[in-house]
Visitor: 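One structure, as structure tokens, below. Some questions next.
Below, read A as the first sequence line, B as the second, and so on, with proteins coming before strands; counting in each chain starts at 1. Quick caveat: nothing in here was measured; it's all calculated off a predicted structure.
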There are 2 protein chains.
Amino acid sequence: MRIGELASRAGVSVRSVRYYEEQGLLSSTRSPSGQRHYTDSAVERVAFIQRMYAAGLSSRTIIELLPCVDAPSAENSDSALERMAQERDRLTAHIAELVRTRDALDGLMATALAYREHLGKPCPVGR
Amino acid sequence: MRIGELASRAGVSVRSVRYYEEQGLLSSTRSPSGQRHYTDSAVERVAFIQRMYAAGLSSRTIIELLPCVDAPSAENSDSALERMAQERDRLTAHIAELVRTRDALDGLMATALAYREHLGKPCPVGR
DNA sequence: CTAAAACCTCACATTGACGTCAGAGGCAAG
DNA sequence: CTTGCCTCTGACGTCAATGTGAGGTTTTAG
């Protein structure tokens, strides 16, 4: 398929697909006239990239993981595994922080609600 | 206290503190010569701002919450409550997504580990 | 064959939360 | 008084992912 179809299937912009290639996250074959062509697996690949972006990984970091995704071998899985473990830990910490923040937000909401009900004390800064 | 002390106590840069003021997130009294002075509560305030930033809220959004944090009243808590509920939901969704991504990362790691152990099949793109 | 739609490269613009630098003034200690 | 650190304003730089537009080629549909 060509770039437009890939983009719409994966739900991203054409610009993004070109950017991923520019960053070395995605490869394509070129027609004689220079147009990019992709196989179906590229859709999954783009989805994977999106997921990693959503997790807060940068292009740089995703690149480090790709050798293992593409062609796992004893050599590349060593460093990639380390990297993945590292990112996994970061994610876990991040998730915990977000949960704490959500709790803080809940606390603020509770205070505001209480205030609305019986015009109580000032709402302390969230903790 | 002056800006440098606030910044180091709150663990942010001086630049950030000025930026928060510029965005209307933080206020200061000024000495005759124009230097900013803060009370101890500013430290908590900065911590709160940081927490909200970490939760992915923008300055714009944090501003909408502040009236309720500063001086809760029936009028402002209405809109702020709505906003908080909205952000709370967004946070919940985001957390769920991150958990799914972490699971995907775990899957990749398991595959890579299995590969290392008995040189198995190719590692499929993460799902 | 022709017009529309999709594609190409190149390159500048955008957004947000800052970093950083310049040039000037403020303030406590020796 | 002066040395040195802190602060001020203002403005430009950064980074990452993507938007956007120019100017030109290719593919597709009628």
Visitor: Starting from the 5' end of DNA chain C, give me the residue, B/Tyr19 or B/Arg2, whose nearest nucleotide shows up first.
Guide: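 In this pair, the answer is B/Tyr19.
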
Visitor: Which residue, A/Leu57 or B/Glu5, contacts DNA chain D at a nucleotide closer to its 5' end, judged by nearest heavy atom?
Guide: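 It is B/Glu5 whose nearest nucleotide is closer to the 5' end.
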
Visitor: Which residue pairs pass the ring pair (Phe, Tyr, Trp, His ring centres under 6.0 Å) test with at least one member in residues 2-29 of chain A, sequence neighbours excluded?
Guide: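 Of all non-adjacent pairs touching residues 2-29 of chain A, those that pass ring pair (Phe, Tyr, Trp, His ring centres under 6.0 Å) are A/Tyr20-A/Tyr53.
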
Visitor: Quick one: B/Ile3 CD1 to D/dT9 P, roughly how many Å, whole number?
Guide: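 Going from B/Ile3 (CD1) to D/dT9 (P), I get 9 Å.
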
Visitor: Kindly write out the residues that satisfy salt bridge (Lys or Arg N to Asp or Glu O under 4.0 Å) with A/Arg36, not counting sequence neighbours, or none if the list is empty.
Guide: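 In terms of salt bridge (Lys or Arg N to Asp or Glu O under 4.0 Å), with neighbours along the sequence ignored, A/Arg36 is linked to A/Glu21.
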
Visitor: Need to verify one output field. Residue with the more 5' nearest nucleotide on DNA chain C, B/Tyr53 or B/Ser31?
Guide: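 Comparing both residues, the 5'-ward one is B/Tyr53.
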
Visitor: How many whole angstroms separate atom CZ of A/Arg18 from atom P of C/dC12?
Guide: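 Atom-to-atom, A/Arg18 to C/dC12, this comes out as 18 Å.
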
Visitor: Holding to side-chain contact (heavy atoms from CB on, under 4.5 Å), I want the full list of residues that pass it with B/Ser58, two or more places apart in sequence or in another chain.
Guide: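 Scan of B/Ser58 (side-chain contact (heavy atoms from CB on, under 4.5 Å), adjacent residues dropped) gives B/Arg60, B/Thr61.
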
Visitor: Can you measure A/Met52 atom CE to D/dA16 atom P for me and round it to whole angstrom units?
Guide: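 So the two atoms are 19 Å apart, to the nearest Å.
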
Visitor: Looking at every non-hydrogen atom in both residues, tell me the closest pair between A/Ala55 and A/Leu91 and how far apart they are.
Guide: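 So the two residues come closest at O-CD2, 4.1 Å.
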
Visitor: Whole angstroms only, please: what is the CD-C1' distance between A/Glu22 and C/dA11?
Guide: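 Taking atom C1' of C/dA11 as the reference, CD of A/Glu22 is at 11 Å.
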
Visitor: If the condition is side chain to side chain donor-acceptor pair (under 3.5 Å), which residues does A/Arg102 pass it with, not counting sequence neighbours?
Guide: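 Counting only residues at least two positions away or on another chain, A/Arg102 forms a side chain to side chain donor-acceptor pair (under 3.5 Å) with B/Thr92.
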
Visitor: Specify the separation, in whole Å, of atom CD of A/Glu21 and atom C1' of C/dC7.
Guide: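 About 13 Å, once rounded to whole Å.
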
Visitor: Could you tell me which residues satisfy side chain to side chain donor-acceptor pair (under 3.5 Å) with A/Ser31, sequence neighbours excluded, listed by chain and number?
Guide: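 A/Ser33.
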
Visitor: Please list, in numerical order, the residues of residues 32-39 of chain A that have a heavy atom closer than 4.0 Å to any atom of DNA chain D.
Guide: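 Going residue by residue through residues 32-39 of chain A, the ones with a heavy atom under 4.0 Å of DNA chain D turn out to be A/Ser33, A/Gln35.
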
Visitor: Got a sec, which residues hit side chain to side chain donor-acceptor pair (under 3.5 Å) with B/Ser13, two or more places apart in sequence or on another chain?
Guide: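 Counting only residues at least two positions away or on another chain, B/Ser13 forms a side chain to side chain donor-acceptor pair (under 3.5 Å) with B/Ser16.
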
Visitor: Once you apply a heavy-atom cut-off of 4.0 Å, does B/Arg60 come out as touching a base, just sugar-phosphate, or nothing?
Guide: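 Nothing: the residue B/Arg60, judged by heavy atoms under 4.0 Å, touches no strand.
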
Visitor: Starting at CD1 of A/Ile62 and ending at P of D/dA16, how long is that distance when rounded to a whole Å?
Guide: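 After rounding, the gap between these two atoms is 12 Å.
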
Visitor: Show the nearest heavy-atom pair for residues B/Val46 and B/Ala10, with the distance to one decimal.
Guide: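 For B/Val46 versus B/Ala10, the nearest heavy atoms are CG1-CB, 3.5 Å.
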
Visitor: How many whole angstroms separate atom CG of B/Leu25 from atom C1' of C/dA17?
Guide: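 Whole-Å distance recorded here is 11 Å.
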
Visitor: With sequence neighbours excluded, tell me which residues meet side chain to side chain donor-acceptor pair (under 3.5 Å) with A/Gln86.
Guide: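 For A/Gln86 there are no side chain to side chain donor-acceptor pair (under 3.5 Å) partners, ignoring immediate neighbours.
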
Visitor: Check DNA chain C against residues 6-15 of chain B and give the residues with a non-hydrogen atom under 4.0 Å, in numerical order.
Guide: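 Heavy-atom contacts with DNA chain C come from B/Ser13, B/Arg15.
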
Visitor: Write down the distance between CD (A/Gln50) and C1' (D/dA16), rounded to a whole number of angstrom.
Guide: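 It is 14 Å, rounded to the nearest whole Å.
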
